[in-house]
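Every value quoted in this text rests on a predicted model; they were computed, and no experiment measured them. Because only heavy atoms are used, hydrogens play no part in the values below, and waters and symmetry mates are left out as well, while side chains stay in. To find a chain, count down the sequence lines: A is the first, B the second, and so on, and within it residues start at 1.
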Amino acid sequence: MQKQVRFDNKVLPYLLVAPQVLITIIFFIWPASQSVYQSFLVEDPFGLSSEFVWFANFEELFADSTYLDSFGRTLLFSFSTAFLAISMALFLAIMADRVIRGETLYKTFLIWPYAVAPALAGVLWFLMFNPTIGVIGFGLNALGYEWNHYLNGWQAMVLVIVASAWKQISYNFIFFLAGLQSIPKPLIEAAAIDGAGPAHRFRTIIFPLLSPTTFFLLVVNLVYAFFETFPVIHATTQGGPAKATEILVYKVFNDGFIGLDLGGSAAQSVILMIIVSGLTVFQFKYVEKKVTY
Amino acid sequence: MSTVTLKDLKKTYANGFQAIHGIDMEIRDGEFIVIVGPSGCGKSTLLRMIAGLETITDGELMIDDRRVNQVEPGKRDIAMVFQNYALYPHMSVYDNMAYGLKIRKKSKEEIEQLVNKAADILEIGALLDRKPSQLSGGQRQRVAMGRAIVRDPKVFLFDEPLSNLDAKLRVQMRIEIRKLQRALKTTAIYVTHDQVEAMTLADRLIVMNGGLPEQIGSPMELYDRPSTTFVAGFIGSPAMNFIPIQVDKKDATLPSGQKLNFSAPSGHAQLLLGIRPEDIEITTPELADLTLKVSVIEPLGADSLIYGSCEGMKEDLVVRVRDKALVQEEEIFSVRFNQQKLHYFDPKTNSRLP
Amino acid sequence: MVENRPLLTFFSHLALIVGISFIALPVWLAFVVSTQEASALFAGQVPLWPGEHFIENYSSILFEGEKNSGAPPILLMITNSLVMAVCVAVGKITISIISAYAIVYFQFPFRQAIFWMIFMTLMLPVEVRILPTFEVIAQLGMLNSYAGLTIPLIASATATFLFRQFYMTIPDEMIEAARMDGAGPIRFFVDILLPLSRTNIAALFVILFIFGWNQYLWPLLVTTDASYYTVVMGIQRMMAVPDSDPIWHYVMATAILGMIPPVIVVVTMQKLFVKGLIETEK
């Protein structure tokens with residue numbers, strides 16, 4: 001936490017933390033507390049006066065089926081994205097860890113999507129799935145499967161899941177590969193001498209040793225899917241068709257910024273804050289990060 | 001070239017732990033002082049207080065005639081060699097040595113001259129462009145010394161500087177440090193837990209125990225007249241033997257009931273008799289002070305250590321002999337104590353009886 | 001691997017190549033589309049090989065922009081992105097490195113409280129405080145400015161933690177030796193701590209440059225003036241043309257241009273990038 005040997009200075013430390021603290025208060029703490037405050041208020045339609053209503057906004061929210069639907073949709077979206085991104089990355093990392101020749105080259109070719117903005121990832125897959133000129137969209141139609149994510153909600157959901165997962169594969173790949181490479185070689189060799197084949201070794205030794213990494217990545221991927229995929233949706237489906245891809249972060253933006261429902265949007269913000277706080281605390285407290293590179 | 005004066009120096013940590021209970025001492029100009037003691041005795045704390053790295057809770061610290069209690073370490077005109085050398089890893093050997101001079105705003109030419117001179121003395125002139133990571137342990141040690149001497153400080157401080165070296169290099173560097181300090185005539189304060197290092201380097205040494213100096217004096221003073229059982233046991237290897245005895249008038253009796261055939265000081269019913277292994281000799285049964293049974297023989301080459309057990313004594317008595325062929329394992333043998341080299345201690349206070 | 005199984009090794013290579021192709025496919029097709037002329041992109045045509053309009057399309061989008069959607073030339077957007085990414089990365093590193101220094105090397109009242117306050121920023125992503133943050137920016141007159149694009153983003157718990165973690169690994173003797181040499185807190189920071197932090201700074205810069213470049217919601221909120229658009233958010237304006245399909249070859253050219261700078265950074269500084277990524281998650 002802190003050094004035993006320290007400098008003695010009454011003013012300097014405050015000057016050093018001042019910029020960080022000021023920015024944190026002005027742009028983080030203050031707006032967040034405003035969100036909390038507003039979540040207890042109801043404004044009249046003209047925005048002239050507001051009334052303190054305690055938890056009425058929250059009650060209304062949880063009675064609202066569109067909100068509950070969005071909640072469920074978010075869970076589905078997040079877990080699917082996390083599962084897809086993690087399983088693809090794990091598979092590729094195991095393969096990359098196996099090969100001796102060309103490992104660096106493969107690595108280079110697998111990590112660059114991390115640099116692609118989620119919005120651009122959305123745009124790329126939007127093209128891929130386009131029913132008329134996209135390889136997948138057009139191909140499916142040509143094969144007789146009707147694909148139109150402009151009209152079909154489930155198909156739109158598949159689009160945003162694939163786009164979001166695609167971007168996250170690199171991140172997971174890097175951590176899995178680091179995790180695999182940190183497994184002591186003698187352990188694997190001992191198992192091989194004991195007669196365990198590659199598949200058996202993976203099941204009984206490698207995967208258990210990777211489980212802290214996997215667990216850590218699950219949390220990180222969920223946070224990513226919950227909060228950082230807003231651009232994917234905003235740039236492509238805009239929550240549609242018919243709210244089929246309206247996840248919580250998109251809804252809070254839409255209701256607040258576009259729909260101008262201050263109290264309701266603030267209440268949604270507060271709920272999101274609780275979720276992200278919970279995930280953060282969970283990540284810091286319980287997730288072992290024994291990844292060494 | 002300076003004196004250092006400690007006046008009732010005390011240190012209490014914020015958590016209430018008192019590390020130094022009050023030390024008075026005058027360190028003379030050019031003297032080599034070694035502070036020795038087991039870990040946790042406060043020796044490093046004391047050194048760091050002199051360095052200015054630990055605050056002084058009470059008392060006074062003077063370098064020459066200047067009170068430096070509140071003076072920043074960099075302004076005390078002292079230099080320190082650390083246990084792990086603490087070389088700046090990103091700077092070359094030259095820059096490591098020059099850094100303190102640069103801060104003191106010396107001119108480029110002067111810095112170059114001083115660094116080269118120090119490098120010559122330590123024979124590290126060829127290493128000046130290297131980074132610490134490219135040096136061996138012994139070379140790093142020299143650079144750390146170079147960093148200290150280049151500033152020509154009033155006082156050198158050494159914090160266990162040899163403990164990271166292997167045994168052979170340790171002996172070699174020990175001799176070099178001694179020569180260097182003799183040549184430069186700079187006052188030096190040296191902390192170690194190794195009593196051989198302490199004995200060989202010190203003009204005077206301080207044996208610390210539990211935050212207090214047990215005894216201050218020249219190595220031979222401490223060896224010949226240890227003022228407490230702690231000092232007696234700490235200085236000298238193997239350690240002094242202690243034998244609890246009963247005194248009735250002038251007759252001394254061992255725990256086993258065996259009578260010693262010499263007289264002990266009167267006035268105490270219980271005494272602790274101290275005798276160093278080299279002050280015991282093997283003799284014939286007629287002349288014996290004590291009869292022992294050999295439990296282990298350790299041949300050291302030049303001499304041997306014989307561990308002998310005696311009924312009623314918990315620990316084996318250690319005897320140092322030139323010729324190990326005198327006895328066999330399991331054999332019963334007789335020993336005689338050098339009457340001039342007996343030490344008596346009060347078992348209650350553990351302090352020396354005159 | 002331990003035993004030599006040629007078939008398994010062959011399969012591994014195959015799997016990797018298929019995986020890489022799958023990952024690269026969308027970018028390839030985007031590039032293909034970006035080199036077509038508008039007439040090649042009508043229904044039922046799925047071009048798989050680049051067309052002949054590479055220079056034409058890219059120069060038009062770079063220097064003129066897409067006129068239908070009112071988007072400015074992409075070159076301007078790329079400049080804005082670059083300014084934003086560099087400012088955010090430098091800003092975050094600067095204020096984090098000094099606040100971590102204060103927290104680790106000084107004892108002062110409210111130190112703990114300040115540490116937790118910085119920690120809390122982790123729990124408050126833009127998405128959960130959109131409206132009030134927007135109001136603050138508006139009141140401070142920071143809409144449509146580089147200051148508004150960057151300053152509110154430069155608080156960073158992650159970077160502060162990284163530097164804190166790193167400082168803790170520096171032996172105490174380093175500061176003691178510096179004090180014996182007569183260095184005060186500022187000299188120690190500049191002469192010793194900063195040079196020792198070089199690799200960490202570089203690794204963090206790579207991560208934060210990408211973070212800054214890829215910002216979406218934030219520029220969306222604070223810019224209404226098209227001359228402050230960044231590439232990543234600007235593309236949305238080109239996608240969302242009411243009642244018509246996007247002009248695919250322009251959109252895809254923009255997408256390609258928008259991903260080149262950060263991809264180059266990641267690929268050329270792969271080692272630093274991986275280090276930065278893993279260190280920041282500790």
Side-chain angles (χ1 to χ4, degrees), chain A residues 2-7 9 12-13 16-17 19-21 23-24 27-28 31-32 34-35 92 95-96 98-99 106 108-110 112-117 119-120 123-125 127-128 132-133 135 138 174 178 188-189 192 227 230-231 235 249 253 256-257 269 272-273 276-277 280 289 291 293, chain C residues 1-3 12-13 15-16 19-20 23 26 29-30 41 43 46 95 98-99 101-102 104-108 114 117-118 121-125 127-133 136 152 154-155 172 175-176 185 210 214 216-217 232 235-236 239 255 258-259 262-263 266-267 270 274 277-278 281-282:
Chain A
Q2 199 192 16
K3 293 276 181 192
Q4 288 306 309
V5 188
R6 295 177 293 234
F7 284 113
N9 199 306
L12 190 62
L16 292 171
V17 293
Q20 179 98 281
V21 166
I23 290 169
T24 304
F27 300 109
F28 286 77
Q34 282 293 299
S35 274
L92 289 170
M95 294 301 135
R98 278 195 55 84
V99 302
Y106 286 131
T108 309
F109 277 111
L110 283 167
W112 60 267
Y114 176 85
V116 177
L120 300 183
V123 170
L124 296 180
W125 285 95
L127 172 73
M128 294 284 282
T132 55
I133 66 160
V135 172
F138 179 79
I174 290 166
I188 312 280
E189 286 162 356
F227 298 97
F230 171 85
V249 277
F253 166 82
F257 219 69
S269 291
L272 283 178
M273 248 181 253
V276 70
S277 305
T280 310
K289 282 159 283 175
V291 197
Y293 206 73
Chain C
M1 268 292 145
V2 191
E3 61 272 87
S12 304
H13 282 282
L16 282 167
I20 287 169
I23 284 173
L29 289 176
L41 296 168
V46 182
I95 71 168
I98 58 176
S99 45
Y101 179 50
V104 174
Y105 282 99
F106 292 85
Q107 174 66 44
F108 56 100
I114 287 170
M117 195 165 91
I118 296 170
T121 59
L122 277 183
M123 307 179 179
L124 301 170
E127 288 82 1
V128 307
R129 52 185 167 84
I130 301 172
L131 269 182
T133 314
V136 170
I154 68 177
D172 285 357
I175 179 176
E176 292 176 341
I210 295 162
N214 289 351
Y216 182 82
L217 180 55
V232 172
I235 201 168
Q236 189 269 339
M239 290 277 283
M259 67 178 81
V263 167
V266 164
V267 171
Q270 192 172 332
V274 172
L277 202 62
I278 288 179
E281 288 297 350
K282 270 187 192 152

Contact summary for C:V136 and A:P31, nearest pair of heavy atoms: CG2-CG, 4.3 Å
Take atom CZ of A:F109 as the centre, draw a 6.0 Å sphere, and report whether it contains more than 12 heavy atoms from other residues, nucleotides or ligands. no
Which residues satisfy the side-chain contact (heavy atoms from CB on, under 4.5 Å) test with A:P231, sequence neighbours excluded? A:P118, A:A119, C:Y216
So what's closer than 4.5 Å to chain A heavy atoms on C:I235: side chain, backbone, both or neither? side chain
For A:Y114, the ring-ring contact (aromatic ring centres under 6.0 Å, His included) test, sequence neighbours excluded, returns C:F273
Return the minimal non-hydrogen interatomic distance between A:V116 and C:M259, and the atom names on each side. CG2-SD, 4.0 Å
Could you state the interatomic distance from CD1 (C:I20) to CH2 (A:W112), rounded to the nearest 0.5 Å? 10.0 Å
Quick check on the interface: out of A:L110, A:T108, A:L272, A:L12, who has the most heavy-atom pairs with chain C under 4.5 Å? A:T108
Of all heavy-atom pairs between C:P125 and A:F227, which one has the smallest distance, and what is that distance? CG-CD2, 4.2 Å
Of all heavy-atom pairs between A:L120 and C:A255, which one has the smallest distance, and what is that distance? CD1-O, 3.7 Å
Sidechain-backbone polar pair: A:R98 side chain, C:H13 backbone, donor-acceptor under 3.5 Å: no
Without swapping roles, check the side chain of A:N9 against the backbone of C:F106 for a donor-acceptor pair under 3.5 Å. no
I'd like to know which of A:M128, A:M95, A:Q20, A:M273 tops the heavy-atom pair count under 4.5 Å against chain C. A:Q20
By a 4.5 Å heavy-atom criterion (distance strictly below it), what part of C:I210 contacts chain A: side chain, backbone, both, or neither? side chain
Closest heavy-atom pair, C:A102 versus A:P13, reported as atoms and distance to 0.1 Å, is CB-O, 3.6 Å
In this structure, CD1 of A:I23 is separated from OG1 of C:T121 (nearest 0.5 Å) by 11.0 Å
Are the side chains of A:P19 and C:I98 in contact, using a 4.5 Å heavy-atom criterion? yes
Among C:I95, C:L16, C:L124, which has the most heavy-atom pairs under 4.5 Å with chain A? C:L16
Quick check on A:W125 against chain C: is it the side chain, the backbone, both or neither that has a heavy atom closer than 4.5 Å? side chain
Tell me which of these, A:L127, A:V135, A:V276, has more heavy-atom pairs under 4.5 Å with chain C than the rest. A:L127
Please assess A:V99 against C:S12 for the test side-chain contact (heavy atoms from CB on, under 4.5 Å), listing each intermediate value before the final yes or no. CA-CA 7 Å; A:V99 302; C:S12 304; 3.6 Å; yes
Under 4.5 Å from a heavy atom of chain A, the part of C:P185 involved: both
With a 4.5 angstrom heavy-atom cut-off, could you sort out which part of C:I130 is near chain A: side chain, backbone, both or neither? side chain
How long is the straight-line distance from CZ of A:F253 back to CG of C:L217, given to the nearest 0.5 Å? 6.5 Å
Region of A:T280 that comes under 4.5 Å of a non-hydrogen atom in chain C: side chain
Checking C:L122 against chain A: side chain, backbone, both or neither under 4.5 Å from a heavy atom? both
What are the two closest non-hydrogen atoms of C:G19 and A:L92, and how far apart are they? CA-CD2, 4.0 Å
